[in-house]
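Data first, discussion second: the structure below is written as structure tokens.
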Amino acid sequence: MRVEFAGVGKRFGRVAALRDVSLELPPGSRTALIGPNGSGKSTLVRALMGMLVFDGELRIGGVRVDDDRASLAPRIAYVPQIAPRFAAPVRDVVAAIARVRGVSVDAVAAVARELDLDVGQLGKRPFRALSGGQRQKVLAALALATDAGLFVLDEPTASMDPQSRLAFFRLVERLPASTTVVLCSHRLDEIRRLVDRVVVLAEGVVAWQGSAAGYLEEHAEGVVEVQVAGGGADRWLADRGFSCGAAGWWSRSVPVGERARLLADIGKSLNGQVRDVVARDVERLQPKENGGGS
Amino acid sequence: MAAVRSLRREVAVVARLDFAEVLRSRWLVFCLVVHAALAAMFVLVGLRESGVVGFTGMGRALMSWSHALLFLLPLLALSATSQVVNTARDDGSLELLTSHPVSRSAYFLGVSLVRVAALVVPLLVAMPAVALGGVFAFGQDVPWGFLLRGMAVSAALLLCFTAVGLALSTLVRNQGKALMLTILVWAAAVALVDFGLVGVMLQWELPPSAVFALAALNPVECARLALLSAAQPELSTFGPVGFFLANRVGSDALFALGLGWPLLLGVTAWVWSLGAFRRRDLL
């Protein structure tokens with residue numbers, strides 16, 4: 001489904017949360033919305049979900065959000081950041097939402113199982129008694145069990161454990177190619193795995209938009225962590241800018257583009273002395289000035 | 001037809017989830033306990049051979065109980081409803097439900113039905129139960145006509161203040177402010193019955209017609225007059241406004257007014273808040 005924002009603005013009293021936002025997300029695109037707190041991400045998502053009155057025009061699949069919410073609702077799936085604390089048992093919450101979505105409870109349970117959650121076993125427990133991660137898994141399962149054309153995911157894995165996050169990534173990657181995904185997230189691994197496009201919001205306006213690769217090049221920094229057996233390896237690492245932390249782990253930052261070469265050097269020079277190596281991304285606080293966005 | 005089926009399904013879903021919330025908060029149990037405690041007190045104290053406004057025995061107990069309910073029911077209804085929508089806004093349940101195919105109208109209708117049921121059902125159970133208790137335990141005759149009148153008036157009052165509470169919870173986003181307004185609305189409704197207004201009239205030298213109009217606009221006062229409308233109008237029991245109206249419009253019209261005005265106010269408040277809920281920002 002194509003999503004079009006044309007001059008979308010929203011004020012809360014004297015505060016302009018969104019100012020003249022114009023964006024076009026083609027059908028099948030996977031877009032991350034990124035920005036600091038108060039940048040307007042949640043407002044944009046809520047406008048997209050038809051929960052706010054706004055200026056300008058917002059269309060999903062050619063239909064104005066503020067005109068025909070009823071026809072759009074079944075075609076949109078949403079995973080909110082905050083899972084509500086319903087008093088009803090889990091099975092009632094699942095059955096109730098599955099009923100209005102027209103999906104079977106079994107289909108929801110199957111998705112939940114992939115997220116390592118047994119809905120049947122938890123069925124009688126009050127939904128509010130589940131942990132934050134479990135509640136988020138139920139909501140993710142309810143969304144991913146649908147055949148919606150647009151998925152809006154607002155920090156969907158914030159409370160999930162690492163295994164479940166990977167399972168969630170696999171489920172999103174399995175969505176049909178025509179499915180449009182809008183993801184609010186600060187996690188670089190989600191951006192790397194789930195989206196091909198990034199929109200950065202700042203103070204209610206679009207501050208940057210471009211490819212996910214371009215965003216990562218500009219905003220991500222590689223970190224390499226190595227645990228070695230000791231001896232000459234320590235000096236080799238110290239000479240190359242690594243610093244030693246707890247439990248004998250040496251670490252250093254490295255531009256994402258140079259990380260592969262460094263890992264290759266470690267493999268060649270410290271052959272036999274390396275116990276473990278971890279390579280990961282962290283968000284760069286100061287973006288590079290020669291970024292590839294628009 | 002499909003739209004009606006869809007609305008019914010959505011309302012049922014919201015009602016199911018909200019009913020679980022009502023059960024968790026033990027509102028039903030609380031209402032039943034309040035009714036039972038009040039009923040027990042008035043039955044035990046009231047079953048004596050003295051008369052109040054021509055009522056004796058079970059009639060007197062029911063009369064006193066119904067009168068007490070007129071002041072208590074608005075508080076019960078307001079406190080059960082004035083935090084419904086704003087709490088759902090804050091805890092994310094409104095966001096989640098309306099992100100699925102659940103319309104705003106269905107949400108509002110669903111929670112309204114559940115809250116009305118949670119307040120009215122205990123009343124409709126407790127009043128006949130007390131009357132039957134009087135028959136079987138104490139061998140008392142029950143004035144069934146008055147009982148029905150009391151149930152109708154109390155239910156109308158509950159509906160009125162349930163709608164006002166829902167309007168507060170919709171229009172006032174801050175839960176603390178909504179609670180404060182709840183207390184103010186209840187205090188105004190209870191204080192501005194005609195005896196209170198006579199004090200205002202004397203203090204501020206308001207014209208009597210203004211005082212009478214203000215009193216008649218207060219749904220609690222209307223319900224009180226509807227409850228009394230079966231009795232012989234006397235200034236000492238009806239108060240100045242009730243005595244004036246009873247002599248002008250008659251007891252049937254007084255009953256109709258006492259039943260109709262709270263209902264009209266309630267429906268107006270409900271429709272207005274539904275409109276605001278549908279039109280304004282949801283979050």
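This structure is a prediction, so every number in the text was calculated from the model and none was measured. Labels below follow one simple rule: chain letters A, B, ... track the order of the sequence lines, proteins then strands, and each chain is numbered from 1.
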Does the separation of the ring centres of B:F108 and B:W270 fall below 6.0 angstrom?
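Ring centroids of B:F108 and B:W270 are less than 6.0 Å from each other.
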Can the ring centres of A:F151 and A:Y78 be said to be less than 6.0 Å apart?
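No, the ring centres sit 6.0 Å or more apart.
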Test item: [X] side-chain N/O and [Y] main-chain N/O as donor-acceptor pair under 3.5 Å:
X: B:E10; Y: B:S103; answer: yes
X: B:W261; Y: B:L217; answer: yes
X: A:T157; Y: A:M160; answer: no
X: A:R19; Y: A:E203; answer: yes

Below 4.5 Å, heavy-atom pairs only: which of [options] has the largest tally toward chain B?
options: A:R101, A:R128, A:M51, A:R46; result: A:M51
options: A:M49, A:K10, A:R99; result: A:R99
options: A:A96, A:A148, A:P84; result: A:P84
options: A:I82, A:D92, A:L139, A:L142; result: A:D92
options: A:A143, A:P74, A:G102, A:P89; result: A:P74

Tell me, for A:L52 versus chain B, whether the close heavy atoms (under 4.5 Å) come from the side chain, the backbone, both or neither.
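When you check distances to chain B, atoms from both the backbone and side chain of A:L52 fall under 4.5 Å.
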Heavy-atom proximity to chain B below 4.5 Å, by part of A:F12:
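Side chain of A:F12 only, per the 4.5 Å heavy-atom cut-off to chain B.
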Can A:L58 and A:R64 be said to form a side chain to side chain contact (heavy atoms under 4.5 Å, CB included), step by step?
CA-CA 6 Å; A:L58 208 169; A:R64 279 181 66 124; over 6 Å; no
Can you tell which of B:S99, B:A88, B:A3 has the highest number of heavy-atom pairs within less than 4.5 Å of chain A?
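Among the listed options, the one with the most contacts to chain A is B:S99.
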Heavy-atom proximity to chain A below 4.5 Å, by part of B:L97
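Only the side chain of B:L97 comes within 4.5 Å of chain A.
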Residue part contacting chain A, namely of B:R279, when any heavy atom lies under 4.5 Å:
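For B:R279, backbone heavy atoms alone lie under 4.5 Å from chain A.
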